[in-house]
Q: 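Structure incoming, see below.
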Protein chains: 2
Amino acid sequence: MGRPASLSRGGIIAAAARLVREHGVEALTARRLGDALGCDPTALYRHFVTMGDLEREVGDRFLGAVDVRAHADDDWRKTVRRICVKLRRVQLRQPRLAALVSAAPTRLANEKRITEALLRELDRAGLSSEQVATGYHALIELTVGSAAIDAPLASLPAAERRRTYNEWRREYAGLSPAEAPASVAIADHLYLGSADSRFEAALDLLLDGISLQRRVH
Amino acid sequence: MGRPASLSRGGIIAAAARLVREHGVEALTARRLGDALGCDPTALYRHFVTMGDLEREVGDRFLGAVDVRAHADDDWRKTVRRICVKLRRVQLRQPRLAALVSAAPTRLANEKRITEALLRELDRAGLSSEQVATGYHALIELTVGSAAIDAPLASLPAAERRRTYNEWRREYAGLSPAEAPASVAIADHLYLGSADSRFEAALDLLLDGISLQRRVH
DNA sequence: GCCTGTTTGTCAACACTGTTGACAAACAGA
DNA sequence: TCTGTTTGTCAACAGTGTTGACAAACAGGC
């Protein structure tokens, strides 16, 4: 029944993912994807109602790289930490895809898989149902939110990124000591190291907070 | 010297802010702003090198609504909490503006003002310089990141937002208990209440973690 | 085998977006 | 008065997502 399909949903998603991987997320446009597939851009609308739909699907495909298995000797905290670090790393490669995935849960396979793993580990930590939900929300907001914020800078070459951080630090260091004493005093410690290390430090603080809620310490 | 300026940087920013306040951030385009100002869209490029520049300036203007004064009886934690809650509330109204402000610090007045206040309070809490910087990064990532994530949904009418949360909850509740036991068990507690309350709970967890680092308890 | 209906890709077009370069109006200073 | 600079206007370019009309190509019923 009907004209034979030369395109398929899966094939389009795969091509779109390749496009993003090789040329960045800003390359994911109807026309460029049409070129890559050798078809007219508007043919995509036969398989996805909107470009946003396609983006969500591509985003979830990338989430497939997040391994959620708990290692044998790891406790809940180590596992949660590893999942969040990996999740952020994956999301960092897709600027806006990051926001979409958690703002409007894609209800797609990999998103569910990661959610299940985080809830499982928090439950294993000995938290109440309410505390598990609160902890999950907090972890997702920090992890995905941090990725959304850091993504623009993460796409820059390392040298330029370093230069940018130095500029910020000097900016705060150069403020008037009378008007901004705390900024001047702390400036040397701001934006040191990598964005990854800053996130991991924040994650550790949050995990400390979550740990405090446990019935069994 | 030269043709008299009918437009000014400040006037343009004010008009842009009004546009965003009344019609949302997606209304902030060169052509619509030109219409509102009664001038040609390209005239804006005489005062801002790019539209992104203008957005940053508008974003910082909105940050002016964040009161950073410490109330007389409030300790550092209450003040930090109030600033972050207010900061998020303001950022929520500007979807992408939120990301910009902290991803590439605007080096503008209000952003510096808020940074100074947060550093001041964390210092007052009795943290080392490194801990102040770490805590500041963590607070900003959670607050601004959370705003960036929640912004799309926050712009929806309350009824539809509630409906969306209910859908998500049902989605997780309806999973296979064999494959996703934790999701099914916790589903009833996911996405309850408002996004604001979820953020505040996350913020409290983070503040718990920060408190643990203090020399003096 | 032929007609019909459905699917699916193509094409032209619409309504947008940011941005640039040429041009002219209007002033300040020499 | 002449010159130079500023500043707004205009046309245009290269993009973007998306829609509607059209045609090719098949499956099923007669």
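So you know, we letter chains A, B, ... as the sequences are listed, proteins then strands, and number each from 1. Just so you know, these numbers use all the heavy atoms, side chains as well, and skip hydrogens, waters and symmetry mates.
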Q: Could you give the CD-to-C1' distance, from A:E26 to C:dG18, as a whole number of Å?
A: 16 Å
Q: Searching all strands shown, indicate the nucleotide that pairs with D:dA12 (Watson-Crick or G-U wobble; both distances under 3.5 Å).
A: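 Base partner found: C:dT19.
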Q: Measure from the side-chain heavy atoms of B:Y45 and tell me the nearest of C:dT10, C:dT20, C:dT17.
A: C:dT20
Q: Quickly work out the B:L33 CG to C:dC16 P distance and round it to whole Å.
A: 16 Å
Q: Has the side chain of A:T42 got a donor or acceptor atom sitting under 3.5 Å from an opposite partner on the base of C:dC11?
A: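 Side chain to base: pair present.
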Q: Can a donor-acceptor pair be found between the side chains of A:T42 and A:D40 at a distance below 3.5 Å?
A: yes
Q: Write down the distance between CG (A:D53) and P (D:dT18), rounded to a whole number of angstrom.
A: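 Between P of D:dT18 and CG of A:D53: 9 Å.
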Q: Separation of B:F48 atom CZ from D:dT7 atom P, in whole Å?
A: 13 Å
Q: Tell me the interatomic distance from A:D35, atom CG, to D:dG15, atom P, rounded to whole angstroms.
A: 11 Å
Q: Just by distance, do the side chain of A:E121 and the backbone of A:R77 share a donor-acceptor pair under 3.5 Å?
A: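 Judged by distance alone, no pair lies under 3.5 Å.
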Q: Nearest-nucleotide wise, let me know which of A:R46 and A:R32 is further upstream toward the 5' end of DNA chain D.
A: A:R32
Q: Under 4.0 Å, counting only non-hydrogen atoms across every strand here, what does B:T50 touch: a base, just sugar-phosphate, or nothing?
A: sugar-phosphate
Q: Classify the side chain of A:R31 versus the base of D:dG15 as yes if they form a donor-acceptor pair under 3.5 Å and no if they do not.
A: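 Side chain to base: no pair below 3.5 Å.
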Q: Is the Lys NZ or Arg CZ of B:R161 less than 6.0 Å from the centre of B:Y191's six-membered ring, within 45° of the axis?
A: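 No, B:R161 and B:Y191 do not form such a contact.
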Q: Under 4.0 Å between a side-chain N/O of B:S6 and OP1 or OP2 of D:dG8, yes or no?
A: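 The answer is yes; a side-chain N or O of B:S6 sits under 4.0 Å from OP1 or OP2.
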Q: Of all the nucleotides listed (C:dC11, D:dG8, C:dG9), which has the minimum atom distance to the side chain of A:H47?
A: C:dG9
Q: The side chain of A:A43 lies closest to which of these nucleotides: C:dG9, D:dT9, C:dT19?
A: C:dG9
Q: For B:S146 and B:R88, test the side chains for any donor-to-acceptor distance below 3.5 angstrom and give the result as yes or no.
A: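 Yes.
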Q: Please give, in whole Å, the distance from C:dG18 C1' to B:L28 CG?
A: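 In whole Å, C:dG18 C1' and B:L28 CG are 12 Å from each other.
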Q: Tell me: CE of B:M51 to P of C:dT17, nearest whole Å?
A: 9 Å
Q: Using modelled atom types only, decide if a donor and an acceptor are shared between the side chain of A:T50 and the backbone of A:D53 within a distance under 3.5 Å.
A: no
Q: For B:L44 and D:dG8, give me the distance from atom CG to atom P, rounded to whole Å.
A: 9 Å
